[in-house]
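Here the structure comes first, spelled out in structure tokens, and everything after it is commentary.
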Amino acid sequence: MIISSDYMKKSMQEIISKNKEKISEEAAEGIFQIDEVEIAKFLKQIGNYEIDYIPSGKIKENLNTKYIGKNIYSFHEVESTNSVAKFLARFDSPEGTIVLSEIQTRGKGRSGRKWESPLGGIWLSIILKPDIDPSKASIITLATGVAVAKTLRGMNIDARIKWPNDILINNKKVCGILTEANSKFNAVDYVIVGVGIDTKLDTDILADDLREKTTSIAKETKVTVRESEIIANFLNEFEEVYELFKNEKFDEILYDWRRMSQTIGSYVEIKQPLGISFTGTAVGINDQGALILELDNGELKKIISGECIIPEDELDYTHTLDNF
Ligand code: BTN
């Protein structure tokens with residue numbers, strides 16, 4: 001079904017004016033804190049309605065999950081699927097709800113960066129409501145990286161994870177993950193996991209510095225890219241690893257993360273703001289997602305954030321898929 005934005009706006013206005021008394025002050029406040037105000041109000045009023053650009057029926061055909069992906073909102077264009085998901089999370093959308101869009105006009109990357117999201121990618125967010133201590137939320141990002149890497153490996157692609165949470169093919173970034181958590185009284189209220197996978201992205205449209213570091217599945221492999229299948233496979237993998245997370249089997253998640261990591265064992269440079277940088281061998285990762293670096297003087301340093309650069313001559317391709 002195709003819905004123009006004019007049609008959508010008109011429908012939203014009608015729906016909102018008919019439901020004025022049902023929108024509480026608190027909800028109205030929440031509404032005005034996010035960008036996709038109109039879309040979100042619309043969604044709230046129409047319930048589980050599918051706009052269905054990337055057909056959710058096709059995704060569901062290949063899903064074998066219990067709760068991840070049971071509700072899918074699939075758009076043509078939103079500012080950011082994470083923002084729409086946040087809105088939905090505030091209004092009691094169940095755990096596992098997915099927001100997808102073909103295009104994002106203000107896609108969000110890590111560290112406040114913009115995430116280029118034209119046609120040619122999978123831009124999706126998952127709403128989670130885990131009953132956990134907020135300090136454990138970072139493991140969800142690691143778990144998501146594991147799920148993406150396993151999905152691509154399931155397509156016979158040699159995908160690796162680069163700390164903190166980029167997925168690489170041939171040392172170029174093909175996927176980024178942005179986790180946003182909201183906590184109340186030291187308990188997690190909801191977590192939004194945003195995943196951007198460049199499936200057929202035309203990397204020529206990117207700025208010079210991004211272009212050389214970014215790639216797409218279509219560019220690096222001969223695999224036939226079917227977005228709905230990739231999404232379903234990813235959601236299947238995600239539920240499995242998320243169940244490990246909920247059962248506090250963090251070691252199993254970290255084991256998989258290390259096994260598929262491009263970073264561990266490499267001599268890397270970590271660049272932080274204000275020109276701070278460290279070089280050393282990445283020897284491990286802890287359950288907060290911090291990288292453990294062995295500096296040149298033998299000292300072990302815990303790195304919480306930064307950009308990780310792995311020089312070409314440090315890349316080790318002897319661990320092909322067959323070794324796993
Ligand atoms: C990164 O900087 O590596 C993280 C990029 C995360 C992008 C995804 S695309 C879907 C979701 N919605 C957003 O606005 N961002 C995430």
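Ligands are counted one by one from 1 in listed order, and the atoms in each one are counted from 1 as well. The residues of the chain are indexed from 1 along the displayed sequence.
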Under-4.0 Å heavy-atom contact with ligand 1, by part of Arg113 that carries it:
neither
Please state which protein non-hydrogen atom is closest to atom 10 (C) of ligand 1 and give its distance, to 0.1 Å?
Thr81 OG1, 3.3 Å
For Leu178, atoms of ligand 1 separated by under 4.0 Å from a heavy atom:
6 (C)
Under-4.0 Å salt bridge between Lys136 and Glu248
no
Remaining members of Val283's ILVMFWY cluster at a side-chain heavy-atom cut-off under 4.5 Å?
Ile292, Leu300
Contact (N/O only, under 3.5 Å) between Trp123 and ligand 1
no
heavy-atom search around atom 9 (S) of ligand 1 in the protein gives Gln104 NE2, 3.3 Å
Contacts of Asn233 meeting side chain to side chain donor-acceptor pair (under 3.5 Å) (sequence neighbours excluded), chain-then-number -> none
What protein heavy atom sits nearest atom 3 (O) of ligand 1, and how far away is it?
Lys173 NZ, 2.7 Å
Going by atom types alone, do Asn82 and Ser80 pair a side-chain donor with an acceptor below 3.5 Å?
no
Salt bridge present between Arg153 and Glu237 (N-O < 4.0 angstrom):
no
Could you check whether Lys86 pairs with Glu180 (Lys NZ or Arg NE/NH1/NH2 to Asp/Glu carboxylate O, under 4.0 Å)?
yes
When you check the gap from the basic side-chain N to the acidic O, do Lys219 and Asp204 get nearer than 4.0 Å?
no
Taking 4.0 angstrom as the limit and counting only heavy atoms of Gly196, give me the atoms of ligand 1 inside it, by number and element.
8 (C), 9 (S)
Which of the atoms of ligand 1 are close to Ile177, meaning less than 4.0 Å from one of its heavy atoms?
3 (O), 4 (C)
Just checking, is any N or O donor in the side chain of Arg110 or Asn165 under 3.5 Å from an acceptor N or O on the other one?
yes
Residues Thr81 and Gln104: side-chain donor-acceptor under 3.5 angstrom:
yes
What protein heavy atom sits nearest atom 5 (C) of ligand 1, and how far off is it?
Trp115 CE3, 3.3 Å
Protein heavy-atom partner closest to atom 15 (N) of ligand 1 - residue, atom, separation in Å
Lys108 O, 2.7 Å
Within the 4.0 Å heavy-atom shell around Arg110, which atoms of ligand 1 are there?
1 (C), 2 (O), 3 (O), 4 (C)
Give the contacting part of Asn165 toward ligand 1: side chain, backbone, both or neither, where contact means a heavy-atom distance below 4.0 Å.
neither
Enumerated ligand 1 atoms positioned under 4.0 Å from heavy atoms of Gly107
14 (O)
